[in-house]
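Here the structure is laid out as structure tokens; the discussion comes afterwards.
Computed from heavy atoms alone, side chains included, the values below leave out hydrogens, waters and symmetry copies. Start at 1 and go down the list; that is how both ligands and their atoms are numbered.
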Amino acid sequence: MAGYDVIVIGAGAAGMMCAGVASQRGRRVAILDHAKSPGEKIRISGGGRCNFTNRNASPAQFVSANPRFCISALSRYTQHDFIALVERHGIAYHEKTLGQLFCDGSAQQVIDLLLAEMGDAELRLSTTVEQVERTPGGFSLNLSGDEEMRCRSLVIATGGKSIPKMGASDFGYRVAGQFGLDIVPMRPALVPLTFDAALLKRLNALSGVAVQARVRHGRTSFEEALLFTHRGLSGPVILQISSYWREGDEIQVSLLPGQDAFALLRAAKAGHGRQEPQTFLSTLLPRRLAKDIVDAQGGAGNLADLSDAKLRVLADALNDWRIVPSGSEGYRTAEVTAGGVDTKGLNSATMEAKAVPGLYFIGEVVDVTGWLGGYNFQWAWSSGWCAGKVVS
Ligand SMILES: Cc1cc2nc3c(=O)[nH]c(=O)nc-3n(C[C@H](O)[C@H](O)[C@H](O)COP(=O)(O)OP(=O)(O)OC[C@H]3O[C@@H](n4cnc5c(N)ncnc54)[C@H](O)[C@@H]3O)c2cc1C
């Protein structure tokens with residue numbers, strides 16, 4: 001039977017960071033994964049270039065039942081620490097937009113960085129853990145094939161439920177439940193939203209149209225690109241708001257963010273009354289979208305023919321389009337899982353379960369979800385580093 005100081009389950013972003021830090025502290029570390037290769041989500045992230053952090057990362061960009069939980073980890077291991085690590089490994093990178101940092105080359109460079117940092121840690125792939133048990137000195141793991149491994153500290157870094165075909169599993173949540181930790185209900189996040197059949201019928205012709213938009217849910221709003229799809233809405237602005245949206249909720253969309261559509265329409269009516277509203281709106285929006293809005297709101301005729309009340313209806317469709325999405329595309333396409341291991345049961349500086357000394361939860365399995373833009377990896381690095389620094 002093999003004995004270790006630390007066993008990390010999950011060789012993804014958080015697990016590899018933790019294994020590296022613990023190994024550099026001289027701990028005997030094993031890191032297990034049921035996949036054939038480590039860091040599969042890193043490999044496909046950021047369109048293959050890995051948006052590995054965000055220059056502007058702060059606790060404000062994270063969603064959790066306890067928004068203060070992430071403060072400690074994010075301030076102890078910051079985006080600047082990870083950027084310095086990337087630079088030490090000679091990885092060239094660039095800022096795309098809104099502080100998002102990507103590799104110039106391939107996401108594989110980030111995986112190679114983590115593998116190099118892991119040093120002497122023993123990486124065991126294609127390994128399935130069947131059972132975890134508490135022992136007097138720590139934990140015992142039963143692996144498939146009747147093998148047993150033991151450790152003093154056990155780190156759960158098995159990620160969320162998104163993209164099951166890439167090896168995502170509910171293992172971490174089950175271990176949390178086994179040891180009496182609460183789970184904040186989980187839901188797909190950073191995910192496209194879908195329409196019901198009636199709305200789809202109307203908007204199907206817009207599939208592929210992209211436009212800059214502001215989307216609001218309650219008091220939260222984002223302004224980025226919105227994309228009409230053959231299922232509903234996608235694009236960064238929709239992925240962002242999806243982390244706040246719940247089944248049955250309404251979202252409000254402005255297709256002309258920062259512009260007063262009513263004032264624009266009235267000015268156009270005064271200046272070019274013989275123009276059709278669709279022609280005028282095509283100067284502000286993609287033509288197909290302008291046509292759909294005018295058709296749906298019954299805005300036929302010239303601008304001069306439209307009363308202010310009619311212009312108001314058109315303006316509301318542009319600045320204040322209210323929709324209740326029928327659902328989301330689910331874990332199949334969601335970038336992350338919101339909810340997860342309730343932070344109430346964890347120490348925010350170390351990620352150790354308060355009631356189970358020696359058991360740690362890091363990364364996406366924890367109820368901390370970042371916005372789109374490199375924030376989720378930053379949470380993986382920060383939480384993984386904090387646990388790596390203390391595991392014994
Ligand atoms: C398509 C896509 C693109 C993304 N792009 C970005 C991006 O550019 N920037 C960003 O910040 N975030 C991005 N994300 C989110 C980011 O990938 C995750 O938040 C991050 O990988 C979470 O790290 P983690 O270590 O907690 O989990 P993961 O990286 O998911 O690692 C979990 C590991 O645990 C293993 N595992 C699961 N169950 C078991 C089990 N039962 N036994 C053994 N091993 C198990 C898995 O095989 C996996 O290797 C993206 C996500 C997706 C799906």
Side-chain angles (χ1 to χ4, degrees), residues 7-19 30-54 57 61-63 79 82 93 96 98-103 107 110-111 114 123-132 141-144 149 154-175 188-192 236 239 243 329 331-338 340-341 351 360-385 387:
I7 294 181
V8 180
I9 308 183
M16 287 200 280
M17 173 57 108
C18 177
I31 175 165
L32 321 179
D33 203 296
H34 61 182
K36 287 198 192 82
S37 32
E40 277 295 271
K41 278 197 185 159
I42 302 175
R43 192 177 54 76
I44 60 156
S45 68
R49 292 190 196 276
C50 186
N51 176 193
F52 56 79
T53 191
N54 193 296
Q61 295 97 15
F62 293 84
V63 184
Q79 62 271 36
F82 194 75
Y93 63 91
K96 212 168 176 183
L98 304 171
Q100 300 167 7
L101 302 186
F102 289 75
C103 299
V110 174
I111 301 174
L114 294 164
L123 173 63
R124 291 187 54 167
L125 298 167
S126 306
T127 299
T128 304
V129 181
E130 304 209 312
Q131 222 184 331
V132 175
L141 278 63
N142 285 324
L143 310 185
S144 53
M149 290 175 88
L154 177 64
V155 183
I156 306 298
T158 43
K161 299 206 292 185
S162 319
I163 325 266
K165 72 170 190 230
M166 290 196 70
S169 79
D170 64 355
F171 181 85
Y173 309 112
R174 282 192 276 123
V175 174
L190 298 182
V191 64
L239 300 192
S243 299
E329 289 193 7
Y331 291 115
R332 190 179 55 81
T333 56
E335 278 201 14
V336 289
T337 301
V341 178
M351 306 295 133
Y360 298 77
F361 291 85
I362 57 173
E364 199 181 312
V365 74
V366 178
D367 171 34
V368 174
T369 305
W371 288 359
L372 188 75
Y375 301 101
N376 284 297
F377 279 137
Q378 186 56 46
W379 172 247
W381 316 137
S382 297
S383 58
W385 185 91

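- Evaluated by nearest non-hydrogen atom to atom 21 (O) of ligand 1, the leading choice among Trp371, Phe377, Phe171, Phe361 is Phe377.
- Proximity of a side-chain donor or acceptor of Thr127 to a complementary backbone N or O of Leu125 within less than 3.5 Å is detected.
- The N/O atoms of Ile44, backbone and side chain alike, include none that comes under 3.5 Å of an N/O atom in ligand 1.
- Listed by number with element, the atoms of ligand 1 under 4.0 angstrom from any heavy atom of Gly46 are 5 (N), 8 (O).
- Ranking the protein heavy atoms by distance from atom 35 (C) of ligand 1 puts Asp33 OD2, 3.2 Å first.
- Between Asp33 and Glu40, the closest side-chain pair of non-hydrogen atoms is not below 4.5 Å.
- At distances below 3.5 Å, at least one donor-acceptor pair connects side-chain atoms of Asn376 with backbone N or O atoms of Gly370.
- With respect to atom 34 (O) of ligand 1, the closest heavy atom belonging to the protein is Gly10 CA, 3.3 Å.
- The protein atom (non-hydrogen) at minimum distance from atom 36 (N) of ligand 1 is His34 NE2, 3.4 Å.
- Residue Ser169 has at least one N or O atom closer than 3.5 Å to an N or O atom of ligand 1.
- With hydrogens and angles ignored, the 3.5 Å screen pairs no side-chain donor or acceptor of Asp170 with any backbone N or O of Lys161.
- The shortest N or O to N or O distance between Val365 and ligand 1 is not below 3.5 Å.
- Among all protein heavy atoms, the one lying closest to atom 25 (O) of ligand 1 is Ala14 N, 2.8 Å.
- Atoms of ligand 1 lying under 4.0 Å from any heavy atom of Lys41, numbered from 1 in the order shown and given with element: 17 (O), 21 (O), 30 (O).
- In this structure, Ala157 counts as a contact residue of ligand 1, since one of its heavy atoms falls inside 4.0 Å of the ligand.
- The backbone N or O of Val341 lies less than 3.5 Å from no partner atom in the side chain of Asp367, so there is not a single donor-acceptor pair.
- In this pair, Phe82 and Trp381 present their aromatic rings parallel. The plane angle is below 30°, not in the 30 to 60° band.
- Atoms of ligand 1 lying under 4.0 Å from any heavy atom of Asn376, numbered from 1 in the order shown and given with element: 11 (O), 12 (N), 19 (O).
- Protein heavy atom closest to atom 22 (C) of ligand 1, with residue, atom name and distance, is Glu364 OE1, 3.4 Å.
- Contact detail for His34 and Gly167: the closest heavy-atom pair is NE2-O, 2.8 Å.
- Checking only distances, Ala168 never comes within under 3.5 Å of ligand 1, N or O to N or O.
- Distances from ligand 1 to the non-hydrogen atoms of Val129 include no value under 4.0 Å.
- Under a 4.0 Å criterion applied to the non-hydrogen atoms of Ile163, ligand 1 contributes the atoms 53 (C).
- Each of the atoms 26 (O), 27 (O), 32 (C) of ligand 1 lies under 4.0 Å from some heavy atom of Gly159.
- Summary of contacts: the protein heavy atom closest to atom 6 (C) of ligand 1 is Ser45 CB, 3.6 Å.
- Without hydrogens or angle criteria, Thr158 side chain to Gly172 main chain gives a donor-acceptor distance under 3.5 Å.
- A donor-acceptor contact closer than 3.5 angstrom links the side chains of Thr53 and Gln378.
- For atom 23 (O) of ligand 1, the closest non-hydrogen atom of the protein is Ala13 CB, 3.8 Å.
- Of the possible donor and acceptor atoms, one in the side chain of Glu364 sits under 3.5 Å from a partner among the backbone N and O of Thr337.
- Contacts of Trp379 with ligand 1, taken as heavy-atom pairs under 4.0 Å, are absent altogether.
- Which parts of ligand 1 touch Asn51 is read off a 4.0 Å heavy-atom cut-off, strictly below it: atoms 7 (C), 8 (O), 9 (N), 10 (C), 11 (O).
- Of all non-hydrogen atoms in Lys41 and Ala168, the two that sit nearest each other are NZ-CB, 4.4 Å.
- Heavy-atom contacts of Val336 reach the following atoms of ligand 1: 15 (C), 19 (O) (cutoff under 4.0 Å).
- Close contacts between ligand 1 and Gly12 involve ligand atoms 25 (O), 29 (O), 31 (O), 33 (C), 49 (O) [criterion: under 4.0 Å to a heavy atom].
- Protein heavy atom at the shortest distance from atom 4 (C) of ligand 1 is Glu335 OE1, 3.5 Å.
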